[in-house]
Every structure is written in C-alpha cells, then in structure tokens.
Amino acid sequence: MTTTPQHSASTTESGHRYTSELAERIELRWQDRWESEGTFDAPNPVGDLAEDGAAERLEGDKYFIMDMFPYPSGAGLHVGHPLGYIATDVVGRYRRMRGDNVLHALGYDAFGLPAELYAVQTGRHPRETTLENIANMRRQLRRLGLGHDPRRSFATIDPDFVRWTQWIFLQIFNAWYDEELDRARPISELIEEFENGARDVPGGAVWADLSAKERADVIDGYRLAYLSEAPVNWAPGLGTVLANEEVTADGRSERGNFPVFRRNLKQWQMRITAYADRLLDDLDRVDWPEPVKLMQRNWIGRSHGAHVQFEVPGIDEPIVVFTTRPDTLFGASYMVLAPEHDLVEALTTDAWPEGTDARWTGGAATPAEAIAGYRAAAAAKSDVERQENKEKTGVFTGSFAINPVNGERIPVFVADYVLMGYGTGAIMAVPGHDERDFEFAESFGLPTPRVVQGEGEDALPFTGDGVAVNSANDEVSLNGLTVADAKSRIIAWLEEKGQGEGTTTYRLRDWLFSRQRYWGEPFPIVYDENDVPIALPESMLPVDLPDVPDYSPRTYAPDDAESEPEPPLARVREWVEVELDLGDGPKRYRRETNTMPNWAGSSWYELRYTDPHNRDRLADPANEKYWLGPRTPGGTGGVDLYVGGVEHAVLHLLYARFWHKVLFDLGHVTSEEPFHRLFNQGYIQAYAYTDVRGTYVPADEVTEADDGTYWYNGERVEREYGKMGKSLKNVVTPDEMYEAYGADTFRVYEMSMGPLDVSRPWETRAVVGSQRFLQRVWRLVVDEETGATRVTDDALAPATLGVLHRTIDGVRGDMEELRFNTAIAKLIELTNHLTKESVTGRAAIEPLVKMLAPFAPHLAEELWERLGHTETITYAPYPEADAQYLVAEQVTCVVQVQGKVRGKLQVSPDVSDDELTALALAEPNVVRTIDGREIRKVIVRAPKLVNVVV
RNA sequence: GCCGGGUUGGCGGAAUGGUAGACGCGAUGGUCUCAAAAACCAUUGUCCGCAAGGGCGUGCGGGUUCGAAUCCCGCACCCGGCACCA
C-alpha cells in the first residue's frame, strides 16, 4: 500500500481545471474575504457584539454550536483532529442557510501539564510556547475554511478569561447548599441565619459566643469549595498530586510512569456531591447519547438503602452500616469494617475470646497484634494492589455486635474488601445473599443462613428476587414478603426503634480541585494568621501567575512515599507573602500556592462564547439568555449542539454541568444545563506497521503484497490498527491534504467516510474520489477549455426535476440527522445524473451548489459568484423540495414468490391492488416459478411490492 | 465479572420489516493518446450456466413472519466504560 498523495498534474493543462492549485487559489481568496467581511460574525442582543439592523436576525431562531475545544499541542494537527470541527462547521453553515442566527467559535484549552513539562525541559515560559502553539493551530484550522466568529475566540490562559474562572471559584467558595430548598445560596445568607437563630449552629453552640476562628470553621464546613485533608494520588517522582484519570490502571503516572501513592494531604475540594441528585435526574432532560447518560448515572452511582446501627456491648458508639438490602438483616451473620475505620481500635480486644477459630486470628497472639499487622499491610498497598488480590482476607477484632432484629451476637472483622470511601466503611455481611460475603464466609467458616427464597432456586449465595423466609421476631415479620416490600417493612421498623433509617448513598465523591503545578489558574485565596482561607475581593482579580525561576515542582525519589509536595509557586516568597488591605487595614497574608486543575476553564467556557469581551460580568444576562436560555417551558436551555469525543463522557461533562448549576442557583445564568444536545463523534484511526524488532516503520512506505502480507524495505512487517501518532510513524497531516487536494476535497472526504459517530480508518488513496466529485461539479458550471460559465436558463426535463427534488428532500433529512455521508452520496448521484444528461439549467445547478456549500464552501462560493451572484452563498436560502416532483411517474414494483424476487414491473404510483395483482400474476417469470401450483395468498403493498404465496 | 456499543463484498460504508451491497476506493476491460497520466464509459458479492435463468449469501445456531441485515432467544468474537460500591 502506498499512501503518498498523488499530486494532480495540472500545470501542463489549461488553468480552468479544478486542480489542487486552483482549489488553493479559490480557498485562500474566500478565506480572506470571509475574514475581511466578517461573514460569520453573529450579532448579540446587547454589548459590544450587538449590531445595528440585526433585529430581524435576532428574532428568528438561533443556533449555538460548540466543539470540545482543543488543547494546543506542539505536535500540530493530524487528519483525525479536524473531523468534529468540519462536522460542526457543516451544521453551522446549513443552519445559516436555514435562516438561523448561528454562534460558532473555537477557543483553546491552554493550561495543562504538557506545556509545563515542555517549559521544564526548555526553560521557556509555558505562556510563550502555548501562544506559539495556538498560533500554529489557528493557521492550520483557518486553512480548513471553518465558519467561526473570530471575535469570540479566546484561550483559557488569557488574563481576562482567568479572571472569570477565578470569579466563579469565589462564587462557589461563597456559596453553600441549602438541602431544604435544594439549591445553592450565598454564604452570607447562612451567616444571617446563624446570627438571627433561624438555623441551629452545628454542635449546639451559640453563634454570638464563638470566636472569629470558630465561626470561620463552621462556615467553611458548608462552603461548596472547601479545604480538607483527603487521600490523593501523590507521585513523588513527578512532584505533584494527580487526578484519578492521570493514574494508569497499574497505579503509575500516565506521564513518566512513576509510582503513585495514596496520601492524606490538605487539598481543595468541590462539593459536587451536593448536586448528585440533580446531576442524575436532569440527565432525563437533555438530549444526549444514552451510553453517555448511563456512564454518568453509573459514575454518580445513587443507591437506595438503609443505615442500620449495630450495638457493641462495652462500646459507646454503635457501628453504622450502609446496606441496599435491609430486607436480609435477619441473615447478617458477621460484620466487616474497613481497615481505616475509626472504630477499629475501640473494637480491638486484648485477647482472643475463648474458642476463636484459628482462621480468624491471622496467626497472631492477640487481636491487637493481628489488627495492627493487617492494617499496616493494607496501608502499604495501593488501591490497585488491594484490588489485584481478590482472595478475601481479614482478621477478627475480638468483638461481637448485636444484630438489632434478633439480638444475635455476630463477630466483627476487619477486611480490606470493605472500602472506607463508600457508604460508612462498614457492612453487615449477609453471606447467603451476597457473593463477596459468601466467599469470605467460606474462607472463615462462618454460617450462611438463607433469608430469601427465589422461585425454583436452591443454591447459595442467591442474589435474585424472591420472598423473605426465616425473617421474623416478636415485633415484625418479613416472611412471605417480596424483596421490595420487605425492605420498606424493615426500614419502618428500624426507624420506629431508632435503630436505623432509610437513606441514599452515592458513589460520586467530592472533586479534588488543587494541583501542585505551575501552569494553572492561581486560587484567588489568601490565608490569615490563623490559617483561615479568605477570598480576595473581585477588584483584585485576576490573580496572575508570578514568574518563577523553575517551572518544576520539587521532585523526589520515585518511591519516596513519605515526601511532601512542594508546588512551584511556594518557592516564590515575594509572591506568597503579601500585604493587603482586605477591609480591616493592611495586613500580612499568605497566598494559596496550589493551582486549579486543567478542568477549570472547560467547566464554564460555553458561557464566555456568548459575551467574550464583557469586562463587567462573565456574560451579560441578555446575551446568555438569548444563546443559552430555555426556549420551551420547562426546558433546561444549553448549547444546541455540542460535538466531541466520548472520552469526556464523565469528567469534563460532569464538572461543567456542576458549575453551570451552581451559577444557575446563584442567579448568574438562566440555563440549567450547559449542553442541551450532545453528539459523540468517532475517531479517525490508522494502520501502523512494526518490523521483527517491534520498531515502527514509516506507514507510507509500506507496501501490501498480493497475499495480504505487508513489506517495508524488503522486510516483512506486521500491521496494527489504532491511533495516529508521531511515535507510530503513521501521521497524515491536514497540510499534506491541502497541498495535494485542497481543503474542500479534504472536508468532503472526511464527511463522506462514514457516519460521524463511528470510528474508521484513514485511507489517503481514497481521497481522490472526493476530488473527482468536486471536479465533476466544477465542470457542470465551468468550461474547462475556456473558463466560461456554461449555465443556461433551460427548463429541466421531468426526469431531472424528479431526481433534483428527491435529492433535496433526502439531503435535508440527512442534514437534520447529521448523516453527512449519505447526504454527500445523494449529491454525488445528482451530480452524476446532471453530468450524464448534460444538464446545464440554472434551476438544477444552483440548488446543487447550495447543497454543496456546507461541505465545500470555497468551491460553492466560487461557483455561486460565477453564476452571477454578488453576495456570499453563506446566507442563501437552502433549497426546498417541491412535493409535486417527489412522486415518480413510474415506480418499480417487485414481484416475489415465497418471498424471493422473481420479477419486476414498471407501474404507475397510484396503481390499485387488484390491477397490480393481475400484472404480477401475468409476469412470465412469475408464472414459470409458480409452475401451476395453487396460489394460497397474495400480499400486495401497492405500488412497491407483491408477494405470491403458494 | 457487570454494563454499553458493534460484527454486511478485497476496503470504507448504504439499507431499521418489503429489490442486500446506494455512494466512494480498489480491481478488470474499453475510449482518447505516439505513449503514459488525467478524464470519461462499462463491468465488479459468490458459485453454476453460452444465455435465459438459477443456487448460496449480512459473525454462528435457533425462532417469529407471506417476507428478517433489520424483531425475539442462545452463543462466539471485537471495541469502550466500570470493577470487591455493600
């Protein structure tokens, strides 16, 4: 296989052929013109982007399209990157022709670790290299002819953008979640409620009696952004904590492959868990792919169940467990606490009780020794290591708890199959009806009573549906009840006895929001002499990053788990130590030295597109409402179409929804969701080839032999399929495509390769098909010999009218559904028809050019101009199908015998059933196939089908 | 292990209960040309047949239906997410 682009041999031919050179001249000319005329500028209702005379455009429909904005990598683009950008551009151009006011722009997600690491290597400031990368990317993308409003582009590192990212952080910091009203409210209202006694101070204290520090601590416990000591991923070799997504499955850092340890460190968290229910429930109100909704639902992981208290004689505090199966409470035969659970120490007895099973002791002489050993071993393991070994291990604490429903004494264990981070970190074990508990019980010789009986089932553990058995005490009986009924019965009983209550827990955890990095947004936070975090006033925003001597955090030996992170900013003393007047005179403060994670900017950027230059607000309410506000009663509002890869299904999309909802609660936006419709594009993949040593060889120099083997330099190589990447030596760049074919051909090819949501392999040699198509369209309008326009005002033949209007009808449907591959196929068919019939009538050519415009906009503009138009085709009305031409004069009717096609008839579309039956039964081949057999039934679906059953 | 998506010519794909393979690549033959490239025309699922026509065919096995790539049941394989979540 050769993937070297074929250069069109045009220099030797007349200058009127649509070659790559001509395409380039056309494309550059129109790109300049679009820019100078502001063709894609979208008017705003108010502010600096409002326009005189735009009232009409603002009154009609609006359409806000967004791409998941790119990270400006230094490597440049390959042909896979623009796929989504081309698709959204096609949609935007189509909507403009439909009369919508279209907002489409592209910003840059420019903070992040790669730029910082590059800065560490080169010593150059990441801002410098990042801005260079953005400039290079802008150049590559401009050459694609994307219809973006350039005035609305920004980068998340722009001080003006950072300012609002920090402003939003302050909004979140200064807000708390009111569970009763089920929305966030300003923290000032909480303080007011404490002051006037409308709300009880936690712990029963009197507000007025508390010191300033104590009050701050109480308030901080409510904030939606708060500091807490939390277990985080600490990579000493990198010198930074990492987000979960930056840690590989085997517990190492994605970058650098350093070991990662779980450490308790004081970090910023966002109280996203307060929004768990709304984030979950509002998924039903947005138009997203079902798999993405499901991933978010699973991630949030809401489960209904109960908290149940188990008393332990001699211990003040009961063990509280969470269970989703309170109906199996009578079957609880032991308990398990996570190794990190607070009560473990209190539960650990001095000596093994009389007759303790040898398997329970871990071979230790006393419970204290066994527990200490077990906890130490658990602590030394990473989460991943813990999960690797699925064999159940654990040790007995020496204590027994009392099962509240039957008073039975059940042993309490510590085992690492119970996780501290979920539920209460303690469980009641029901081995009869839980596979994990069953395994543990088997290893430790514990009883496995049955309390649920399924129909026709007799093996334990049984986790299916059934009715409760052996589940009664003097006061309550579950026997005979279904699982669901038994749950509500026992919860009612527990609540009555004060032994537990129905509850809901979530898998979702609060969002770790700080990083020990240089290249991120600084927090607008300082600490006073009591270490109380204090928000900087809006007037002090943005807090700029100081220049630092070294962009790298302090790094350690990769396995030095006990080392402490030291962010680069902490080393800039003159920046950290600052004197400010925050209302009570100039005082010394200490700045927060962590920075925000890469997700911050992308959590609200949809808002900034609507009002990108606003100095006073993150977006004027009128602009936000116009572009994002709900258009139907009860709607969520949000971006009309958001296109991007499925890899952001959970994190980015969840974070952005969370911030948007906080801003909604606080009255800053009218939309409840950031993205109303989401579409996941597929990826362009590529083949890569390795030689016998496993080294990648240049893919474009590999040839395929007739027997399907692959060869490079006379050596056999193996083919693999996957990503395009420098190290895989299989990168094809847009620049190569512009050079060899032009941007329009590249765009058409990418859109015609297959459905947008499916990944597919890149094949350079197939691009020529799209070029041939555009050349045929070109020839319909332009005489290649003379360059003259060939279009006439000739009337169209009936057959052409039919093809044309059926094409318009079909293409419109495809455009609405984003089926660009089939839309292009229909345009090719129309073009082939017009070519074959030598049609030159304007009435056929102009609709074709218009329908082509979203895909090949430069070519369409050029042809449109040659057809005599002086205005851009961008706002020319999209063709409409005339119903009278949609019905063909003759249709093909298929005649089947026993469901197999045996003949075809040309009939009028309004043929009657009887007529059609008669025609079908007279068809010679049908007669021969029936061969005199008795006709039992004739199914007629006039005018398309007749099926004869014999 | 659980959840989700997928499997159609040599290749990318089309068809969502009614002509399987639209459109494109590649391949083969032809026109033009001194020749080649480009362009254009024709053929191209597979097997049998001179042809007319017929058999087989949408991962595998079953079912529903006059009729199934499409709906249902079971299985295999590939891709993605989650993974001791109580």
Side-chain angles (χ1 to χ4, degrees), chain A residues 1 6 8-10 12-13 17 19 249 289-295 297-299 301 303 305 321-325 328 336 338 386-387 389-392 415-419 421-430 433-437 439-440 505-508 646-647 649-650 704 706 708 721 748-749 752-755 757-770 772-773 775-776 779 784 819 821-829 832 835-836 892-904 924-925 928-929 936-941 944-950:
Chain A
M1 183 181 85
Q6 299 280 314
S8 309
S10 63
T12 58
E13 298 184 41
R17 267 179 57 71
T19 60
E290 219 36 64
V292 175
K293 289 188 182 184
L294 196 63
M295 276 189 249
R297 286 193 190 108
N298 291 340
W299 188 266
S303 57
V321 303
F322 173 72
T323 175
T324 56
R325 292 294 304 275
T328 61
V336 183
R386 267 204 203 183
Q387 286 163 23
N389 186 4
K390 301 255 175 182
E391 303 255 307
K392 298 283 178 290
D416 66 2
Y417 82 92
V418 172
L419 308 175
Y422 184 78
T424 61
I427 62 156
M428 63 176 211
V430 185
H433 304 283
D434 181 284
E435 279 164 28
R436 296 152 302 184
D437 296 345
E439 264 179 60
F440 188 89
T505 61
Y506 304 86
R507 206 189 77 112
L508 182 70
V646 72
E647 73 271 20
V650 174
E704 182 176 0
D706 289 338
Y721 179 58
V748 169
Y749 175 64
S752 66
M753 294 168 80
D757 54 352
V758 173
S759 296
R760 67 272 359 222
W762 177 261
E763 193 181 6
T764 297
R765 67 177 177 174
V767 180
V768 70
S770 299
R772 287 179 191 150
F773 162 51
Q775 284 173 334
R776 287 200 292 277
R779 273 197 298 273
E784 287 192 339
R819 292 189 303 245
N821 55 327
T822 53
I824 290 171
K826 291 181 176 81
L827 293 179
I828 292 172
E829 283 182 278
N832 291 350
T835 299
K836 195 170 208 161
T892 303
C893 175
V894 176
V895 186
Q896 300 178 333
V897 178
Q898 306 289 70
K900 284 191 157 66
V901 180
R902 297 298 174 182
K904 289 172 191 177
N925 201 40
R928 186 170 56 235
T929 310
R936 294 209 316 215
K937 200 166 162 190
V938 180
I939 288 136
V940 185
R941 294 280 180 278
K944 299 286 286 181
L945 178 121
V946 176
N947 188 13
V948 182
V949 186
V950 296

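Here is the naming used below: chain letters follow the sequence lines, and residue numbers restart at 1 for every chain. Just so it is clear, the values below take in all heavy atoms, side chains as well, and ignore hydrogens, waters and symmetry mates.
- Between A/I939 and A/Q896, the closest side-chain pair of non-hydrogen atoms is not below 4.5 Å.
- Rounded to whole Å, atom P of B/A86 lies 12 Å from atom CG of A/D437.
- A straight line from CD of A/Q775 to C1' of B/A39 spans 8 Å, rounded to a whole angstrom.
- Distance noted for atom P between B/C41 and B/A51: 26 Å (whole Å).
- For the pair A/Y749 OH and B/G12 C1', the interatomic distance rounds to 7 Å; values are reported in whole Å.
- Looking at heavy atoms from C-beta onward, A/R902 lies out of side-chain contact with A/V948 at the 4.5 angstrom threshold.
- Here A/R297 lies out of heavy-atom contact (under 4.0 Å) with every strand.
- Between the P atom of B/U7 and the OH atom of A/Y721 lies a distance of 13 Å, rounded to the nearest Å.
- Comparing A/G423 and A/N298, the nucleotide of RNA chain B nearest to each residue sits closer to the 5' end for A/N298.
- Contacts of A/T324 with the nucleic acid, taken as non-hydrogen atoms under 4.0 Å apart, involve only primed sugar atoms and P, OP1 or OP2.
- Considering only residues two or more places apart in sequence or on other chains, A/E439 meets the side-chain contact (heavy atoms from CB on, under 4.5 Å) condition with A/K392.
- Each of A/T822 and A/G425 has a nearest nucleotide on RNA chain B; the 5'-most of these lies closest to A/T822.
- Dashed line: the shortest gap from a side-chain N or O of A/R507 to OP1 or OP2 of B/C82 is not under 4.0 Å.
- Other residues, nucleotides and ligands contribute at most 12 non-hydrogen atoms within 6.0 Å of the CD atom of A/E435.
- Checked against B/C66, B/A86, B/G4, the side chain of A/T323 finds its nearest nucleotide in B/A86.
- Nearest nucleotide to the side chain of A/R928, out of B/G53, B/C84, B/C23: B/G53.
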- Task: Report the secondary structure of RNA chain B in dot-bracket form, marking unpaired bases with a dot and bases paired to a different strand with |, and treating Watson-Crick or G-U pairs with both distances under 3.5 Å as paired.
- Result: (((((((..(((.....[....)))((((((.......))))))((((....))))..(((((..]....))))))))))))....
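- Annotation: side chain of A/V895 is not in contact with side chain of A/K904 (no heavy-atom distance under 4.5 Å).
- Using P as the reference atom, B/G80 and B/G74 are 25 Å apart when rounded to the nearest Å.
- The phosphate of B/C11 has neither OP1 nor OP2 within less than 4.0 Å of any side-chain N or O from A/R760.
- One distance of note links OG1 of A/T764 with OH of A/Y749; it measures 7.5 Å at 0.5 Å rounding.
- Proximity of a side-chain donor or acceptor of A/Q775 to a complementary backbone N or O of A/R17 within less than 3.5 Å is not detected.
- Taking the P atoms as reference points, B/U46 lies 12 Å from B/G9, given to the whole Å.
- Atom pair A/D757:CG and B/G80:P shows a separation of 17 Å (rounding to whole Å applied).
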Might you list the N or O atoms of the protein lying below 3.5 Å from N or O atoms in nucleotides 17-21 of chain B, with each pair's distance?
unit_1: B/G18; atom_1: O6; unit_2: A/R941; atom_2: NE; d: 3.4
unit_1: B/G18; atom_1: O6; unit_2: A/R941; atom_2: NH2; d: 3.3
unit_1: B/G18; atom_1: N2; unit_2: A/Q896; atom_2: OE1; d: 3.3
unit_1: B/G18; atom_1: N2; unit_2: A/N947; atom_2: ND2; d: 3.3
unit_1: B/U19; atom_1: O2; unit_2: A/K904; atom_2: NZ; d: 2.7

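- Taking each heavy atom of A/G899 and A/N947 in turn, the nearest pair found is N-OD1, 3.0 Å.
- If you check every strand for non-hydrogen atoms under 4.0 Å, A/S759 touches sugar and phosphate atoms only.
- When each of B/G4, B/A86, B/C56 is scored by its nearest atom to the side-chain atoms of A/L294, the top-ranked nucleotide is B/G4.
- A distance of 9.0 Å separates CZ of A/R819 from CG of A/N821, quoted to the nearest 0.5 Å.
- Across all strands shown, A/K293 has no heavy atoms under 4.0 Å from either base or sugar-phosphate atoms.
- Remark: P of B/A22 and CZ of A/R819 are 18 Å apart, rounded to the nearest angstrom.
- Relative to the side chain of A/I828, the nucleotides B/A39, B/C66, B/G24 differ in distance, and B/G24 lies closest.
- Every residue two or more places apart in sequence or in another chain that forms a ring-ring contact (aromatic ring centres under 6.0 Å, His included) with A/Y417 is listed here: A/F440.
- Listed by chain and number, the residues in a salt bridge (Lys or Arg N to Asp or Glu O under 4.0 Å) with A/R297 are A/D284, A/E290 (sequence neighbours excluded).
- The listed nucleotides are B/A38, B/G54, B/A14; the one nearest the side chain of A/P755 is B/A14.
- Each of B/G81, B/G24, B/A86 was ranked by its minimum atom distance to the side chain of A/M295; first place goes to B/G81.
- For the pair A/Q898/A/T929, no side-chain contact is recorded, criterion being any heavy-atom separation below 4.5 Å from C-beta on.
- Between the CZ atom of A/F440 and the P atom of B/A86 there is a distance of 19 Å, given to the nearest Å.
- Counting only heavy atoms from C-beta on, A/K836 has its side chain closest to B/A42 among B/G54, B/A42, B/C23.
- For the pair A/N821 CG and B/G13 P, the interatomic distance rounds to 9 Å; values are reported in whole Å.
- In plain terms, the two heavy atoms of A/M753 and A/P761 that are nearest each other are CE-O, 3.4 Å.
- Taking 3.5 Å as the limit, the base of B/C84 and the side chain of A/K392 contain a donor-acceptor pair of atoms between them.
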Please list each protein N or O that sits under 3.5 Å from an N or O in nucleotides 25-29 of chain B, with the distance.
unit_1: B/C25; atom_1: OP1; unit_2: A/R772; atom_2: NH1; d: 2.6

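- Taking each heavy atom of A/T328 and A/H433 in turn, the nearest pair found is CG2-CB, 4.3 Å.
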